[in-house]
Amino acid sequence: MGRQEEASAERETDLVVPWMRAPVDVSHVENCALETLPCLDPRLSKALEKMDISSLFPVQVAVWHETIGPGGFERDLCVNSPTGSGKTLSYALPIVQILSSRAVRCLRALVVLPTRDLALQVKDVFDAIAPAVGLSVGSAVGQSSIAGEISQLIKKPKLDAGICYDPEDLSQNLESAVDILVATPGRLMDHINNTKGFTLEHLRYLVVDETDRLLREAYQSWLPTVLKLTQTSDDGLFPSSTPFLPSAFGSLQTIRRQSVERGFKGKPYPRLVKMVLSATLTQDPSKLIQLDLHHPLFMTTGESRYRLPEKLECLRLTCEPGTKPVSLVALLNSWEDEKCIIFTSSVETTRRLCILLNLFGESKIKAKEYSGGLDQSVRSKVLKGFRKGDIQFLVTSDALTRGTDVKGVTNVINYDMPPFAKTFIHRAGRTARAGQAGRCFTLLNKYEERRFSRLLKKVGCDSCTTHSIPSETLDFYRDKYATALELLKELVESEAPKKGRQAFQHNSRTKRNKTTTSEQA
Ligand SMILES: Nc1ncnc2c1ncn2[C@@H]1O[C@H](COP(=O)(O)OP(=O)(O)OP(=O)(O)O)[C@@H](O)[C@H]1O
């Protein structure tokens with residue numbers, strides 16, 4: 001996400017759409033034990049217990065009330081709830097419960113997330129509950145084999161041996177192999193445009209998770225496309241008579257039509273229900289309008305715009321010029337086995353800081369890097385290692401800021417001060433999740449202090465402890481820092497020519513790929 005886009009998001013207008021002025025305040029809702037949750041399918045209750053979940057969190061109870069409860073999915077839901085408050089299950093559970101009574105398999109729920117790792121994380125949650133009621137979940141995410149995805153998403157008709165079929169007839173009979181799809185926008189568009197048999201015509205639930213982030217990035221107009229493809233005619237009985245469609249939509253299998261064969265004969269086709277969620281939900285009317293929400297209900301937690309997790313402790317650490325790495329190493333060495341994420345401002349800083357940390361002699365720090373500069377396969381491997389506990393310290397750019405859920409992260413460090421309030425909320429929110437305690441340290445130089453105080457005010461943090469490290473501890477690491485820095489310089493210099501060659505190769509590869517893609521299009 002570009003800094004300019006973030007900055008414009010930060011300057012969001014104070015104008016609030018009328019329906020946002022009277023929200024449902026989730027902070028008044030209590031946790032609810034599974035056995036007292038009305039209408040919960042016992043099979044889902046069992047699946048939740050297997051996940052070690054014995055009660056639902058407030059946001060989950062509130063959404064349940066508006067979906068399976070008396071609200072009956074009648075309104076679109078806009079949920080603004082703190083990081084780690086359980087938003088994923090808040091939509092996954094009602095969707096799975098409502099679809100559990102479906103008679104025929106077709107794609108009825110679509111969940112869109114901004115990144116591959118997030119989409120797979122959310123798919124895991126659906127996978128933990130959906131099979132219990134016979135539903136199947138698929139994923140459509142970049143950097144996966146598209147052929148593999150197609151075979152997972154589309155069911156081919158069984159052929160009788162010895163009979164020749166016209167391939168055109170066959171493609172008419174393709175069916176969805178999944179009830180629920182978790183997707184990133186780019187790969188979703190690939191399937192919409194190119195995959196035979198992939199259709200959104202039966203879609204009934206659309207979830208846009210990390211909404212503010214997804215709305216800022218147009219990704220080949222994925223949202224207008226999905227909305228257009230799922231539009232019903234005004235009277236609900238006949239397909240829209242307006243001629244639809246730009247030719248770019250490729251296989252036009254996806255036009256939503258009166259679905260006589262799916263049990264809606266003679267009845268209005270159900271409206272597409274939308275659920276949009278974030279810990280920093282946009283209030284900008286010009287962005288919200290893109291979602292074309294139906295009688296939306298705004299759910300938020302407390303009165304302020306942003307809210308930090310209840311058990312998050314914020315700490316600040318002011319460093320002498322040029323000693324940030326020393327303070328960081330002293331801090332990391334003061335912990336036992338606690339998992340920690342260290343956020344920097346760029347891919348390059350991430351890389352160098354990670355190398356530097358590993359070069360500190362006699363230090364127990366073994367850090368790994370996670371950033372947009374790495375191949376997806378490497379990133380996924382690193383994240384897996386961090387989840388498993390093989391990696392204790394993860395140095396990352398903002399690639400990991402949003403949504404990532406890793407159990408046992410007790411500390412987050414802003415090595416570079418977050419540029420925006422939203423960035424602070426999402427970074428800090430990698431800890432203190434699911435009601436657990438966590439700490440967020442921010443390293444500052446003295447020129448950043450005032451700006452940081454303003455940022456804290458924006459995020460609703462009224463107590464930020466000043467953390468200090470004894471000077472003798474800093475002196476101890478200062479010597480090692482000089483040696484590590486020398487080693488880092490040597491390493492960077494030795495890598496420079498190689499990197500130049502790699503950059504050249506990468507550029508020419510990218511150019512070749514672009515040519516291929518445009519040829520395919
Ligand atoms: N009812 C529950 N009981 C116990 N743990 C839960 C419950 N619901 C969710 N969790 C756990 O809480 C953690 C956070 O959930 P989730 O990732 O959905 O948060 P989120 O609100 O989407 O956060 P973010 O805004 O950072 O994306 C997960 O580890 C999840 O397993």
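In each ligand, atom 1 is the first atom listed, and ligand 1 is the first ligand listed.
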- Query: Leu89 to ligand 1: N or O pair under 3.5 Å?
  - Reply: no
query: Is there a heavy atom of Pro82 sitting under 4.0 angstrom from any atom of ligand 1?
result: yes
- Query: Looking at ligand 1, does any of its N/O atoms fall within less than 3.5 Å of an N/O of Ser85?
  - Reply: yes
In this structure, atom 26 (O) of ligand 1 is nearest to the protein heavy atom Arg433 NH1, 2.8 Å
For Glu313, the side chain to side chain donor-acceptor pair (under 3.5 Å) test, sequence neighbours excluded, returns none
heavy-atom search around atom 9 (C) of ligand 1 in the protein gives Gln60 NE2, 3.6 Å
Checklist entry - Do the ring planes of Trp335 and Phe441 sit parallel (below 30°), tilted (30 to 60°) or perpendicular (above 60°)? => result tilted
**Asked** Do NZ/NE/NH1/NH2 and the carboxylate oxygens of Glu66 and Arg75 come within less than 4.0 Å?
**Response** no
Within the 4.0 Å heavy-atom cut-off, what Ser54 brings close to ligand 1 is neither
Leu56 heavy atoms within 4.0 Å reach ligand 1 at atoms 1 (N)
Next item on the list: Determine whether the side chains of Asp284 and Thr282 contain a donor N or O and an acceptor N or O closer than 3.5 Å.
Entry: no
TODO: Look only at interatomic distance and state if Arg430 has a nitrogen or oxygen under 3.5 Å from any nitrogen or oxygen of ligand 1.
DONE: yes
Atoms of ligand 1 under 4.0 Å from any heavy atom of Glu210, numbered from 1 in the order shown, are 27 (O)
| said: In this structure, is the centre-to-centre distance between the rings of Phe73 and Tyr205 below 6.0 Å? | reply: yes
If you scan protein heavy atoms around atom 30 (C) of ligand 1, the nearest is Asp405 OD2, 4.3 Å
In this structure, atom 15 (O) of ligand 1 is nearest to the protein heavy atom Gly86 CA, 3.6 Å
The protein heavy atom nearest to atom 12 (O) of ligand 1 is Ala434 CB, 3.2 Å
query: How about Gln376 and Ser380: does a side-chain donor come under 3.5 Å of a side-chain acceptor?
result: yes
Return a table of donor-acceptor pairs under 3.5 angstrom between the side chains of residues 46-54 and protein atoms on other chains or two or more places apart.
none

Nearest non-hydrogen protein atom to atom 5 (N) of ligand 1, with distance, is Phe57 CZ, 3.6 Å
The side chain to side chain donor-acceptor pair (under 3.5 Å) partner of Ser278 among Thr83, Asp212, Asp209 is Asp212
Exercise. Do Trp19 and Leu297 have side chains that get closer than 4.5 Å, going by heavy atoms?
Worked result: no
among protein heavy atoms, the one nearest atom 18 (O) of ligand 1 is Thr88 OG1, 2.7 Å
Atom 25 (O) of ligand 1: closest protein heavy atom, distance to 0.1 Å, is Lys87 NZ, 2.7 Å
